[in-house]
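Every heavy atom of this structure was used, including side-chain atoms; hydrogens, water molecules and symmetry mates were not. Labels below follow one simple rule: chain letters A, B, ... track the order of the sequence lines, proteins then strands, and each chain is numbered from 1.
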Amino acid sequence: MARANEAAAEALREYADLFALEGGDPFRVRSYQRAAKAIAGHPEDLRPGHARDVPGVGSAIAAKVEEFLGRGGFRQLDELRAKVPPGVRRLMAVPSLGPKTALFLYRELGIDSVESLAQAIDGGRLRGVRGMGPKTVENLRRGIERQRQAGERVHLGVACALADQVVESLPGAERVAVAGSVRRMCETVGDIDVLVAGPAELMSVFTAQPYVAEVLASGDDKTSVRTEQGLQVDLRRVPVGSWGSALLYFTGSADHNVRLRELAVRKGWKLSEYGLSDGDRVLASRTEEEVYAALGMQWVPPPLREDRGEVEAALRHELPVLVEQADLRGDLHTHTDLTDGIASLEDMAAAAAARGLAYYAVTDHAPDLAMQRMTLEKALAQRESLARLQERYPGMRLLHGTELNIGPDGSVDWPLEVLEGFDVRVASVHSHFTQSRAEMTRRLIAACENPGVQIIGHPTTRKIGRRPMVDADWTAVFQAAARTGTVLEIDSYPDRADLPSDLVRLARHQGARFSIDSDAHAVPHLAHTRFGVGVAQRAGLTREDVVNTWPLERLLAFLKGSADGR
DNA sequence: GCCGTTTTCGGCCCGACTGTTTTCAGTCG
């Protein structure tokens, strides 16, 4: 993936933040933000001399990017960094705290970090300060609390990118694999575990990598570092002969491992990272499959290794055949630059075809989300463009869809006769997140019962580390979804992972079906479905549970039938 | 700072919500 793009985009995001903090022109701030978004979402790697090829990058930003590609920074960024302490920028990450307030707190009260803000709140120093009423202070306190709960953990998208980078930086290894919570596809990750087999020099290769900020500990068999972004990475070197048992041990979860060790003990054996052994005799160690087989079990896919019934199922040889990314035949929730995507309809469709999809729904936002400036006329014009574009893709069916807005009362943008003109109708909550449980439950059930609604998009609306899930009686909502044949989305965006896997389990128990969608706003986002598949696997979903693994005809019949049946 | 069937200057996603305010500023999607 385009690593230079992400680094350059992050530099521009930082510059936009610092520029905003300095009171810079908001339109210029937005230009930097837009350029960052466009660069991050650009399907091609940035190359020197080609920054201007990215839409939204003009001559001024191109010059900054070119300088960044050359030396990892640019002059204007350096100057602003010298003026504004990094902690002040981090203040802006506190929900409800923007640039104006951050600068005010810094200038007037000397608050230059989230920590000093927390101290100021606890010490009552904000009392009586202009604009800092009790509710504002309480909101800030809660925002800081929410950040702390997310703690040092990052979402899986960040963790996977770093883990991939670590693996690629160790080409001298005989074997290398990511273990731990990343391998289990946990929605958030506290540290990254990587396993290698090979010479001891790999450790010094590792500590010399540019992403390493600090070496916490380093020996021949285990090295721990902290990266620039604050994440800890543990690299463990194991003998190739015990690769399987080591991978098993370091993949976890701890609870799963405990259960396996108990099984071994019951047979009079011992299981450790070095192997499954009977006294001095090693029974299995080279591969995970051998170890599980020796214990009389099926190999357990890592996303299931949480001691939530998978051990028993594996002993009975009744593990589900989990849905995989290759099973996805289509994507039912994507955007274009007609609303808030950054790529054209043509480019998104081409990328979808290149991914081998059999069907692809374009679901731009509907008019009730006013910021998107959508109109029925625009939607109908898009439908015509889509029909013309279809001729280019005999192997892929283009579906015209929409992402509706579920209003506070559960209603959506258009009347049924308009909705029926769309092949795919996703409906999502985008506002009024703080309704009571009773109101939110009624709202979501009303959406399920609307015959024009086929899929509920990102049902909880959470954003990891930023916004909690809305409060609803999920059992009641999922029962309504099952009863009406309304599909529940697993939004694959790694900072959403929404539904979360625990709720997917609950919903499946109620008989609901799911779609695993990218919610792509740019070409590279189409690949995010790997994360959505991880959520589904952790919940034990099979192909049958996921409607966009189905052949198109079956999918369309299901969507239509569920609408008719209400 | 970007961009151009509104076109080389003058717009730029726009409205709602929140908490504070006495007429509005900041934040968010």
**OP:** Using only heavy-atom distances, determine whether the side chains of A/T339 and A/D364 contain a donor-acceptor pair under 3.5 Å.
**Re:** yes
Subject >> P spacing across the pair B/dG15 / B/dG10, given as an integer number of angstrom >> reply: 23 Å
Subject >> Pairs meeting criterion ring pair (Phe, Tyr, Trp, His ring centres under 6.0 Å) with involvement of residues 69-103 of chain A, two or more places apart >> reply: A/Y15-A/F74
Subject >> Nucleotide B/dT20, atom C1' - distance to CZ of A/F104 in whole Å >> reply: 13 Å
**OP:** Identify, with sequence neighbours excluded, every residue that meets salt bridge (Lys or Arg N to Asp or Glu O under 4.0 Å) alongside A/R467.
**Re:** none
Subject >> Spacing between A/H335 atom NE2 and B/dG29 atom P, to the nearest angstrom >> reply: 15 Å
Subject >> Nucleic acid contacts of residues 71-92 of chain A, taken as heavy-atom distances under 4.0 Å to DNA chain B >> reply: none
**OP:** Check every strand shown and say whether A/N139 touches a base, only sugar-phosphate, or nothing at a heavy-atom separation below 4.0 Å.
**Re:** sugar-phosphate
Subject >> Atom-pair distance (CZ on A/F19; C1' on B/dC2), nearest Å >> reply: 13 Å
Subject >> Distance between P atoms of B/dC13 and B/dT23 (Å, rounded) >> reply: 31 Å
Subject >> Contact list for DNA chain B against residues 94-103 of chain A - heavy-atom distance below 4.0 Å >> reply: A/P95, A/S96, A/L97, A/G98, A/P99, A/K100, A/T101
**OP:** Mind jotting down which residue pairs meet the salt bridge (charged side-chain N to carboxylate O under 4.0 Å, His left out) criterion with at least one end in residues 374-393 of chain A? Sequence neighbours excluded, please.
**Re:** none
Original post:
What residues in residues 26-37 of chain A put a non-hydrogen atom under 4.0 Å from any atom of DNA chain B?
Top reply: A/F27, A/R28, A/R30, A/S31, A/Y32
**OP:** Kindly state each residue pair satisfying salt bridge (charged side-chain N to carboxylate O under 4.0 Å, His left out) with at least one member in residues 429-447 of chain A, sequence neighbours excluded.
**Re:** A/R437-A/D471
Original post:
Given B/dC13, B/dC2, B/dT20, which nucleotide is nearest the side-chain atoms of A/S59?
Top reply: B/dC2
Which atom pairs, donor and acceptor, lie under 3.5 Å between side-chain atoms of residues 343-352 of chain A and protein residues at least two apart or in another chain?
residue : atom : partner : partner atom : Å
A/S344  : OG   : A/D347  : N            : 3.0

Original post:
A/V487 pairs by side chain to side chain contact (heavy atoms under 4.5 Å, CB included) with which of A/I456, A/N548, A/L559?
Top reply: A/L559
Original post:
What nucleotide among B/dG29, B/dG19, B/dC2 has an atom nearest to a side-chain atom of A/K135?
Top reply: B/dG19
Original post:
For A/R505, which residues count as a side-chain hydrogen bond (donor to acceptor under 3.5 Å, both in side chains) partner, sequence neighbours excluded?
Top reply: none
**OP:** First locate atom CD of A/Q382, then atom CG of A/L389, and finally report the distance between them rounded to the nearest 0.5 Å.
**Re:** 10.5 Å
**OP:** Check salt bridge (Lys or Arg N to Asp or Glu O under 4.0 Å) between A/D502 and all other residues, then give those that pass, not counting sequence neighbours.
**Re:** A/R308
**OP:** Pick the P atom in B/dA16 and in B/dT21, then give their distance to the nearest Å.
**Re:** 24 Å
Original post:
Base, sugar-phosphate alone, or nothing: which one does A/K64 contact when heavy atoms must sit under 4.0 Å apart?
Top reply: sugar-phosphate
Original post:
Taking the same atom, C1', in B/dG1 and in B/dT8, what whole-Å distance lies between them?
Top reply: 14 Å
**OP:** Could you check how far CG of A/N405 sits from P of B/dC14, rounded to whole Å?
**Re:** 17 Å
Original post:
Given atom CG of A/D495 and atom P of B/dG29, what is their separation to the nearest angstrom?
Top reply: 11 Å
Original post:
DNA chain B: A/D25 or A/P134, which has the more 5' nearest nucleotide?
Top reply: A/D25
Original post:
Which sits closer to the 5' end of DNA chain B, A/A62 or A/R373, going by the nucleotide each is nearest to?
Top reply: A/A62
Original post:
For the rings on A/H333 and A/H335, is their centre-to-centre separation under 6.0 Å?
Top reply: yes
**OP:** Starting at atom NE2 of A/H430, determine the distance to atom P of B/dC17, rounded to an integer number of angstrom.
**Re:** 16 Å
**OP:** Can you tell me, in whole Å, how much space there is between the C1' of B/dT6 and that of B/dC12?
**Re:** 12 Å
Subject >> Partner nucleotide, any strand, of B/dC17 [Watson-Crick/G-U, under 3.5 Å] >> reply: B/dG26
Original post:
Can you check whether A/H432 has a side-chain N or O nearer than 4.0 Å to OP1 or OP2 of B/dC17?
Top reply: yes
Original post:
Does A/R496 have any side-chain hydrogen bond (donor to acceptor under 3.5 Å, both in side chains) partners at least two apart in sequence or in another chain, and if so, which?
Top reply: none
Subject >> P-based separation of B/dC2 from B/dT20 [nearest Å] >> reply: 39 Å
Subject >> side-chain N/O A/R467 vs B/dG29 OP1/OP2, d < 4.0 Å >> reply: yes
**OP:** Calculate the interatomic distance between A/H365 atom NE2 and B/dC14 atom C1'; express it in whole Å.
**Re:** 14 Å
Considering only distance and modelled atom types, tabulate donor-acceptor pairs under 3.5 Å from the side chains of residues 78-86 of chain A, sequence neighbours left out.
residue : atom : partner : partner atom : Å
A/D78   : OD2  : A/R71   : NH2          : 2.8
A/E79   : OE2  : A/R75   : NH1          : 3.1
A/R81   : NE   : A/E14   : OE2          : 2.8
A/R81   : NH2  : A/E14   : OE1          : 2.8
A/K83   : NZ   : A/E22   : OE1          : 3.4

Original post:
Can you check the A/R130 CZ to B/dA25 P distance for me, whole Å?
Top reply: 10 Å
